[in-house]
Student: 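This is the structure I have questions about; it appears just below.
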Amino acid sequence: MREMDSALDLQKELPEGRVLAVRGLTKDFTMHLVDGRVAHALKGVDLEVEQGEHVALAGPSGAGKSTLLRCVYRTYLTTSGAIGLRTSTGAVVDLATMPDWDVAMLRGREIGYVSQFLRAEPRRPVIEIVARAGIARGMERGEALDAAAVALRRVGIDEALWPVHATVLSGGQKQRVNIAAGTISPPRLLLLDEPVSALDPVNRVSVLDLIAGLREQGVAVLSVFHDLEAIEMLATRVVVVEGGRVAADGDPHEVLRANHGLAVAR
Amino acid sequence: MSLTLHERAQYAGAPLASPAPAPAWTLSVRGLGKIYGDTSEESIAGTGPEFGTAVSPNTGAIVAAWGVDLDVAPGEALGVIGESGSGKSTVLRCIAGDEPATAGEMLFTDHGGSTERLDQLSPTERRRMRISDISVVYQDPALGLTMDVSAGGNVADPLTAAGWRNFGRIRSRATELLQRTEVPIARMDHPVKAFSGGMKQRVQIAKSLANDPSLLLLDEPTTGLDASVAAGVLDLMRGLLEETNVAAIVVSHDFSVIEMLTTRVIVMQHGRVVEAGLTDQLLEDPQHPYSQQLVAAARG
Ligand SMILES: Nc1ncnc2c1ncn2[C@@H]1O[C@H](COP(=O)(O)OP(=O)(O)OP(=O)(O)O)[C@@H](O)[C@H]1O
Ligand SMILES: Nc1ncnc2c1ncn2[C@@H]1O[C@H](COP(=O)(O)OP(=O)(O)OP(=O)(O)O)[C@@H](O)[C@H]1O
Ligand SMILES: [Mg+2]
Ligand SMILES: [Mg+2]
């Protein structure tokens, strides 16, 4: 029943040009090993991201920013509410209730997710990790290897590292490999959770440029950055999350001025 | 499994004939059950996770699996996790046809698109499918291989069973398969009992691929091997799963194996599926108390 209702609503919530519409999203963690304690991480979040828009989430540590991104990617299961996505074919789907298999397919093709850490797959060369992201996007193997080379150059990963297993890379190198994989071709929706936290200033600037370029190509970006500078450089809108709720939503400069200190408190 | 728990509740008992949503599953299983002992209805009550046992208090029968639903698509691997005795191998044996299920429907579609109800086939037809369409790799190589026979002979076995007669062609196919699984060809004519554990698994994998199956069932394929040997076998399987369009079901206690090979998983406890989800979701946000316990134990 619920699926029907939400599908109908979501069509309206996702007019053409809008990529993501989160509605009434709640997330509870029930910890059965800790006497069934329940943590209410998200308490009814509404949020939308248009094509070519970069929405930056801000707010204090523990506010629920990462949880929100993970619900959208379905690494976390939504407790209630809807996560509407308008796919590149124009179909409207609810990521909160969509069958697992369909989510798996959709992730590879349309959603890039770059988290703070690359949990590198064991015994997999750097170039392979990035090329596999391309294969999931529908590229042929040869094409994916070429695209992987381009993506790795773009984030400044030296060719000497391409055949190396990613597990042995430095934190910053891993993070750049992660970014190369997430952006091997422009995804429909890009989720970024502190993607430059381990980078030195030079690499940081080039990755931020890369992200700015993707937005200009029409990618919808939903991000968490812990530095104000990155938000000011990239975001077209800022959403402040506090205690699992949206506390403010609007123009980056206005929101950051009104909430100064809070937005980047960690 | 493609459904979350609340969707599963909603779909419970839906007949297979209902329009399947997205993919053309290689295998769709609904309500699979296997009881050892008294197979009457009476044996079911009082078993399962809520009773903490698979043994019927009424009849003493072992309800090794009950109400198991799963789907697996071409080119995808589904993981099965759960403690010892939870029914994982039983489910694989019933799918493979190594033993008959007590209940349930199993719809199988091969590479060519032809569809069979496995649960309605005669034993002869089941044996034919086991040779040509469905392969198993066991933890214990002795279950999958004839130890006194050479590696080449073992790999040739399913080929001759499938009707291959030309010695030269059989030999070259066996060579190709052993090369692919990195078994030294120089040892092709040695009996497999002389092989190391890892090498036996490679021969078993070569044999399982002989007739280009649509469905591959892997039951703890690396358990019991030394870490470095297991890693090599695991890399081999990862490569095979990625390169071919085979559908696979992987049973393992080892979460690193599940993480590396599968996109979705089911969790079994006392013969029942207690949770199904995307592999990363199951590891990061397990829902069922038992899944939380398994993940916590694995994370150490
Ligand atoms: N897998 C989980 N299990 C239980 N609780 C969780 C889990 N993930 C997040 N939480 C809880 O949800 C709340 C929100 O956490 P979240 O990681 O989303 O915060 P955040 O805004 O990203 O913070 P930070 O800026 O520190 O990264 C916290 O109370 C956290 O403990
Ligand atoms: N032939 C049999 N006769 C009677 N009981 C059996 C038989 N085979 C399995 N069982 C029982 O069925 C239950 C499920 O066994 P199964 O081998 O499927 O477990 P499993 O999950 O594969 O465990 P493990 O991780 O130890 O391999 C167990 O209680 C087992 O003892
Ligand atoms: Mg966070
Ligand atoms: Mg077993």
Side-chain angles (χ1 to χ4, degrees), chain A residues 1-4 27-39 41-42 66-67 69-80 91 93-108 111 113 115 119-125 128-129 131-132 135-136 141 144 165 167, chain B residues 1-8 10-11 20-25 70-73 75-78 227-228 230-232 234-236 238-239 242-243 256-257 259-266 275-297 299:
Chain A
M1 289 307 98
R2 174 170 175 259
E3 259 174 274
M4 274 296 195
K27 174 59 186 171
D28 296 338
F29 292 100
T30 306
M31 289 162 275
H32 292 288
L33 304 184
V34 196
D35 305 324
R37 226 191 74 213
V38 180
L42 297 175
S66 299
T67 301
L69 292 185
R70 286 166 161 235
C71 285
V72 173
Y73 198 62
R74 251 291 263 287
T75 297
Y76 286 170
L77 272 186
T78 290
T79 304
S80 70
V93 298
D94 184 356
L95 289 166
T97 55
M98 201 180 184
D100 295 325
W101 194 86
D102 302 61
V103 173
M105 293 298 111
L106 200 64
R107 273 181 177 181
I111 308 178
Y113 175 63
S115 62
R119 286 185 55 226
E121 247 196 287
R123 303 178 302 284
R124 178 87 95 186
E128 273 296 319
I129 290 182
R132 291 217 51 83
I135 290 168
R141 187 170 168 77
H165 292 170
T167 32
Chain B
M1 211 24 244
S2 69
L3 306 179
T4 57
L5 277 181
H6 70 272
E7 284 166 328
R8 281 159 71 70
Q10 204 174 313
Y11 290 167
W25 303 117
L70 61 85
D71 302 289
V72 58
E76 178 200 37
L78 172 78
S228 66
L234 201 55
D235 290 353
L236 169 67
R238 175 171 68 179
E242 284 171 0
E243 286 157 26
S256 64
V257 172
E259 246 183 316
M260 194 157 141
L261 299 182
T262 72
T263 47
R264 296 183 298 124
V265 242
I266 60 174
E275 185 166 351
L278 289 163
T279 304
D280 63 320
Q281 179 256 298
L282 211 123
L283 298 179
E284 301 293 332
D285 187 21
Q287 305 289 302
H288 192 274
Y290 178 66
S291 315
Q292 293 190 355
Q293 206 179 311
L294 275 184
V295 171
R299 294 240 184 279

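A note on names: the letters A, B, ... follow the listed sequences, proteins ahead of strands, and every chain is numbered from 1.
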Student: With distance as the sole test, does B/H288 use its side chain to make a donor-acceptor pair with the main-chain N or O of B/Y290 at under 3.5 Å?
Tutor: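 It does hold such a pair.
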Student: Between A/M105, A/R70, A/R141, A/R124, who has the most heavy-atom pairs with chain B when the cutoff is under 4.5 Å?
Tutor: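 Most pairs with chain B among the choices: A/R124.
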Student: Between B/E275 and B/S291, does a side-chain hydrogen bond (donor to acceptor under 3.5 Å, both in side chains) hold up when you go through it step by step?
Tutor: CA-CA 7 Å; B/E275 185 166 351; B/S291 315; 2.7 Å; yes
Student: Please classify the contact of A/T75 with chain B as side chain, backbone, both or neither, using a heavy-atom distance under 4.5 Å.
Tutor: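 Both backbone and side chain.
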Student: Could you check which of B/D235, B/L234, B/T263, B/T279 has the highest count of heavy-atom pairs closer than 4.5 Å to chain A?
Tutor: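 Of B/D235, B/L234, B/T263, B/T279, B/D235 has the most heavy-atom pairs under 4.5 Å with chain A.
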Student: Verify salt bridge (Lys or Arg N to Asp or Glu O under 4.0 Å) between A/E121 and A/R132, making sure each step is shown before the conclusion.
Tutor: CA-CA 12 Å; A/E121 247 196 287; A/R132 291 217 51 83; over 6 Å; no
Student: Anything under 30° is parallel, anything over 60° is perpendicular, the rest tilted; go ahead and classify A/Y113 against A/Y73.
Tutor: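 A/Y113 vs A/Y73 ring planes: parallel.
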